[in-house]
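Fair warning: this is a prediction, and the values are worked out from it, not measured in the lab.
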Amino acid sequence: MRRGVEELRAFYGEAAGQVVRRLVARRLDDAWGEAAGCDVLGLGYAVPWLDAFVGARRQVAAMPGGQGAETWPPVGRNRTVLVDERALPFAAGTFDRILLVHALEEADAPAQVLAEAVRVLSPTGRVILAAAARGGLWARADSTPFGHGRPFTRRQLEGLVRQVGLEPSAWSQTLYVPPWRPLLGAADGFEEIGRRVAPGFAGLILLEATRQAYARVRPSGAVATVPVTPGLQPAPAARGARLVADGEPH
């Protein structure tokens, strides 16, 4: 059973949720920057981060029926739609960037949810899956949304994206700080130390995946397979070319 939208909204308004918002936003900024010129879909409960994609041409928040939906943004035209996550109401190839947060852990069939996301992904699009890490403390804290459902390892997420025809292109981890209020103020310090000495304690895995190839029709009518070069464009030239290659073991 999915956490209700009211519970998710309340969590992200609390101290722990604010820390999660900030740390995950940092990783997404490294990966996609402002998503300039892109159509962006947030699937699950991604609204805490969609506002950051200020260069996007369009942003849509798709919220699963079992979770419920809220109006987003709070002012202006609503860009939220309540969906069956296994039958999204969008045409194939609609979105250039798809962010899945709180989408897989409580899904009855994660592979089907991801396969449907792939259907609406453009041929050169990119997906980021953010999922609770099996070895992290956040997956054991049922006072947070990450303590419910099915946590993942990096290898499991890689297998999942390959199952639906994508290839992992970059990955990262965050939420090294334990989900205990007295320690939340030291979150940045935990991030720095955790990446170096205790990668297995990260609470959240972010995996980016892309299509390895797409079909291009030659003038003769034949179909040629064209490789898609991994990378994280669009992003300012000064940004790194990867979500993160922390060098942690699988």
Looking only at non-hydrogen atoms, find the nearest pair between [X] and [Y] and report the distance.
X: G17; Y: Y12; result: O-CD2, 3.5 Å
X: G149; Y: P151; result: O-CD, 3.5 Å
X: P89; Y: V81; result: CG-CG2, 4.5 Å
X: L41; Y: V120; result: CD2-CG2, 4.2 Å
X: A61; Y: V47; result: CB-CG1, 3.7 Å
X: T144; Y: P179; result: CG2-CB, 4.4 Å

Do [X] and [Y] have side chains that get closer than 4.5 Å, going by heavy atoms?
X: L206; Y: L28; value: yes
X: L88; Y: L43; value: yes
X: L104; Y: L160; value: yes
X: R126; Y: S169; value: no
X: R211; Y: V118; value: yes

Apply side-chain contact (heavy atoms from CB on, under 4.5 Å) to V20 and F11, showing your working. CA-CA 10 Å; V20 175; F11 171 76; 4.1 Å; yes
Donor-acceptor pair, side chain of [X] and main chain of [Y], under 3.5 angstrom:
X: R2; Y: A103; value: yes
X: E191; Y: Y176; value: yes
X: E105; Y: A132; value: yes
X: Q173; Y: A202; value: no
X: E85; Y: M63; value: no
X: Q156; Y: T153; value: yes

side-chain contact (heavy atoms from CB on, under 4.5 Å) partners of [X], counting only residues at least two apart:
X: A92; result: R119
X: E7; result: R3, H148
X: Q112; result: R86, A109
X: P168; result: E158, V161, R162, L207

Could you pull out all residues at least two apart from R181 that satisfy side-chain hydrogen bond (donor to acceptor under 3.5 Å, both in side chains)?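 Scan of R181 (side-chain hydrogen bond (donor to acceptor under 3.5 Å, both in side chains), adjacent residues dropped) gives none.
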Please name all residues satisfying side-chain hydrogen bond (donor to acceptor under 3.5 Å, both in side chains) with Q18, sequence neighbours left out, ordered by chain then number.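 So Q18 forms no side-chain hydrogen bond (donor to acceptor under 3.5 Å, both in side chains) with any residue.
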Nearest-0.5 Å distance that lies between atom [atom1] in [X] and atom [atom2] in [Y]:
X: L166; Y: T210; atom1: CG; atom2: OG1; value: 7.0 Å
X: T174; Y: L204; atom1: OG1; atom2: CG; value: 7.0 Å
X: L99; Y: Q59; atom1: CG; atom2: CD; value: 11.5 Å
X: L157; Y: I205; atom1: CG; atom2: CD1; value: 5.5 Å

Pairing residues for D188 by the salt bridge (Lys or Arg N to Asp or Glu O under 4.0 Å) criterion, not counting sequence neighbours: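 Only R22, R26 meet the salt bridge (Lys or Arg N to Asp or Glu O under 4.0 Å) criterion with D188.
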Only counting residues at least two apart or in another chain, list the ones meeting salt bridge (Lys or Arg N to Asp or Glu O under 4.0 Å) with D96.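 Listed in chain order: R57.
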Residue among R27, E208, R154 satisfying side chain to side chain donor-acceptor pair (under 3.5 Å) with S172: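 The side chain to side chain donor-acceptor pair (under 3.5 Å) with S172 is passed solely by R27 among R27, E208, R154.
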Please report the C-alpha distance between T94 and D39 in whole Å, then the side-chain angles of each, then the deciding distance to 0.1 Å, and finally whether the side-chain contact (heavy atoms from CB on, under 4.5 Å) criterion is met. CA-CA 7 Å; T94 298; D39 292 320; 5.6 Å; no
Just say parallel, tilted or perpendicular for the rings of F146 and H102, cut-offs at 30° and 60°.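 It falls in the tilted class, 30° to 60°.
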Between F95 and F90, how do the two ring planes meet: parallel, tilted or perpendicular, split at 30° and 60°?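 Correct class here is perpendicular.
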Which residue pairs satisfy the side-chain hydrogen bond (donor to acceptor under 3.5 Å, both in side chains) criterion with at least one member in residues 128-142, sequence neighbours excluded?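 Found none.
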Within one Ile-Leu-Val-Met-Phe-Trp-Tyr cluster: L82 and L50, side-chain cutoff 4.5 Å: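 No.
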Other ILVMFWY residues reachable from I193 by side-chain steps of under 4.5 Å: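 Once heavy-atom contacts under 4.5 Å are chained together, I193 belongs with V197.
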Residues clustering with F201 (ILVMFWY side chains joined when closer than 4.5 Å, directly or via others):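 Via sub-4.5 Å side-chain contacts, F201 links to none.
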Do R79 and W72 meet the cation-pi criteria used here (NZ or CZ under 6.0 Å from the six-membered ring centre, within 45° of the axis)?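 Here R79 passes the 6.0 Å and 45° test against W72.
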Which pairs with one or both residues in residues 62-76 pass salt bridge (charged side-chain N to carboxylate O under 4.0 Å, His left out), sequence neighbours excluded?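 Applying salt bridge (charged side-chain N to carboxylate O under 4.0 Å, His left out) to every pair that reaches into residues 62-76, excluding sequence neighbours, yields R9-E70.
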